[in-house]
There are 2 protein chains.
Amino acid sequence: MPVDVPRQVDHKARRDQIAEALLDIVADHGLEAISVRAVAAQAGVSAGRIQHYFANKDELLAYAIEYQDWLVQQRWNEQAWPEGEPTPREALRWVLLETIPRDDRRRREWLVGVAYLIRMLANPNLRALYVDGLPRLYRLLADLVRMAQEAGDIAPDRDPDVEAELLFGLADSQGPPVVLGLRTPEQATAAIDYYLDHLFQ
Amino acid sequence: MPVDVPRQVDHKARRDQIAEALLDIVADHGLEAISVRAVAAQAGVSAGRIQHYFANKDELLAYAIEYQDWLVQQRWNEQAWPEGEPTPREALRWVLLETIPRDDRRRREWLVGVAYLIRMLANPNLRALYVDGLPRLYRLLADLVRMAQEAGDIAPDRDPDVEAELLFGLADSQGPPVVLGLRTPEQATAAIDYYLDHLFQ
DNA sequence: ATCGTTCCAATACGTTCGTATTGTTAAAGC
DNA sequence: GCTTTAACAATACGAACGTATTGGAACGAT
């Protein structure tokens with residue numbers, strides 16, 4: 001029970017603003033470029049402010065990906081299929097396109113994801129973000145394939161789990177060539193659409 | 001023409017030994033963990049030695065991935081298909097399994113690859129390693145599919161380029177779950193074999 | 001009005017960093 | 001045997017680092 005609450009500020013907003021700056025740096029120059037002072041400069045705040053909102057650098061690093069994870073979940077929840085109920089194919093396409101780094105926001109998310117990957121090896125909390133998310137994504141894709149099969153839009157002899165893995169692999173493998181400029185987001189999208197055309201009868 | 005060549009040592013061997021130490025650290029703790037002193041400690045040599053063989057840290061970092069790239073090329077060249085000519089299917093399987101981090105060596109190569117990825121964005125020399133290699137791999141896979149089609153082992157209505165992309169995507173997307181322990185190398189291998197079984201008639 | 005607390009800027013401190021510099025050893029050429 | 005040079009180890013140095021500390025301004029509660 002707080003007896004005194006002087007000078008209240010929006011803590012989450014402050015922390016998020018700092019996390020934003022960190023994520024920008026990580027996407028452009030990797031985790032090696034992260035220092036408290038560098039993040040402060042990027043955010044346009046003092047280093048003292050960062051110290052006030054984060055106990056240490058590790059907590060700052062940890063908050064930043066949790067914040068990014070929250071951003072992604074926000075987007076997935078807010079999607080809520082604006083134009084009525086989507087068909088399984090529309091949902092499938094939406095999910096697959098969501099994973100490719102096709103604009104600045106998703107590009108940053110993608111790059112931050114790979115930057116944190118090695119950290120996941122030793123950090124169980126970080127690992128959980130990936131370990132929990134991936135099987136859920138596989139299940140979602142397989143379920144959508146199953147729904148399309150029940151609607152008669154995909155041949156019944158296709159294995160939904162195998163198709164889910166192929167679809168995910170196809171989408172997932174677009175990441176590196178897209179961020180490295182070897183392929184445009186449009187080409188990546190076309191590759192996915194091409195395969196969806198073949199999968200759906 | 002060297003007039004004086006006192007105290008000759010194998011320069012490449014020394015540089016490679018140092019690069020080995022660097023790659024070990026990068027795979028375990030990322031590029032952020034790289035310092036001249038840390039690499040020296042890992043290699044069991046003095047920091048002065050590293051200074052003697054590399055002008056600066058950037059050159060050391062650059063040499064290390066070039067060395068890794070050389071290691072990978074060595075393995076691909078030395079393969080040379082020990083037991084006679086391989087069938088297209090055998091070659092396809094070999095190439096695909098080669099990309100998944102199924103043992104310590106390949107796991108290190110995989111992790112180092114992702115660690116260097118963000119650096120590729122700004123460094124053209126690093127980017128070239130990826131930009132040159134990927135299309136070549138796609139072509140190789142597509143050619144092998146074509147050869148199998150000509151031999152009547154793959155249905156002629158399959159698009160070799162699409163199949164190449166699916167195969168690569170399937171193999172490529174095994175990397176993260178394998179290094180993070182979400183899937184065993186055996187399971188990743190089984191996923192590839194399962195799809196090859198379906199692709200080949 | 002004052003007190004207490006939050007918010008934050010500024011500074012300080014000890015460590016680690018990349019790299020320059022110096023010194024020493026040993027082998028090759030004459 | 002003497003000189004020269006490669007091959008280091010060791011040390012030095014300034015910059016940057018994470019973080020502890022200090023101090024002040026601003027505002028809510030009393």
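Note on naming: letters A, B, ... go to the chains in the order of the sequence lines (proteins, then strands), and numbering restarts at 1 for each one. Being a predicted model, the structure only gives us computed values, none of them experimental.
Here D/dA6 presents its C1' atom at 15 Å from CG of B/D10, a figure rounded to the nearest Å. Atom CZ of A/R49 and atom C1' of D/dT22 are 19 Å apart (whole Å). Look at CD1 on B/I50: it is 16 Å from C1' on C/dA20, rounded to the nearest Å. The interatomic distance linking B/L31 (CG) with C/dC17 (P) rounds to 15 Å, in whole Å. In this structure, CD of A/E32 is placed 13 Å from P of D/dC17, rounded to the nearest angstrom. Rounded to a whole Å, the CD1 atom of A/I18 is 12 Å from the P atom of C/dC7. Atom NE2 of A/H52 is separated from atom P of D/dT19 by 17 Å (rounded to the nearest Å). Rounded to whole angstrom, the span from the CG atom of B/L61 across to the C1' atom of C/dC17 amounts to 14 Å.
Geometrically, A/R89 engages A/F200 in a cation-pi contact defined by less than 6.0 Å to the ring centre and at most 45° from the axis. Both cation-pi conditions hold for B/R15 and B/Y63: the charged atom is under 6.0 angstrom from the six-membered ring centre and inside a 45 degree cone around its axis.
Look at A/H11 and you'll find a side-chain N or O under 4.0 angstrom from OP1 or OP2 of C/dC7.
Remark: the B/Q149 side chain and the B/R158 side chain contain no N/O donor-acceptor pair separated by less than 3.5 Å. A/Q73 and A/D69 share a side-chain donor-acceptor pair at under 3.5 Å.
Checking D/dT19, C/dC7, D/dC8 against the side-chain heavy atoms of B/Y53 singles out D/dC8 as nearest. Side-chain proximity of A/Q51 to the nucleotides C/dC7, D/dA7, D/dT21 is greatest for D/dT21. Closest contact between the side chain of B/S35 and the listed nucleotides D/dA7, D/dG18, C/dG18 involves C/dG18. For A/K57, the side-chain atoms get nearest to D/dG18 when compared with the rest of D/dG18, C/dC17, C/dC8.
Comparing A/R37 and A/G48 by the nucleotide of DNA chain C that holds the closest heavy atom to each, the one mapping nearer the 5' end is A/G48.
Among the atoms of the strands shown, only primed sugar atoms or phosphate atoms (P, OP1, OP2) are found under 4.0 Å from some heavy atom of A/I34. Among the heavy atoms of the strands lying under 4.0 Å from B/R14 are primed sugar atoms or P, OP1, OP2 only; no base atom is included.
What you find for B/D28 and A/I118 is that their closest heavy atoms are O-CG2, 3.8 Å.
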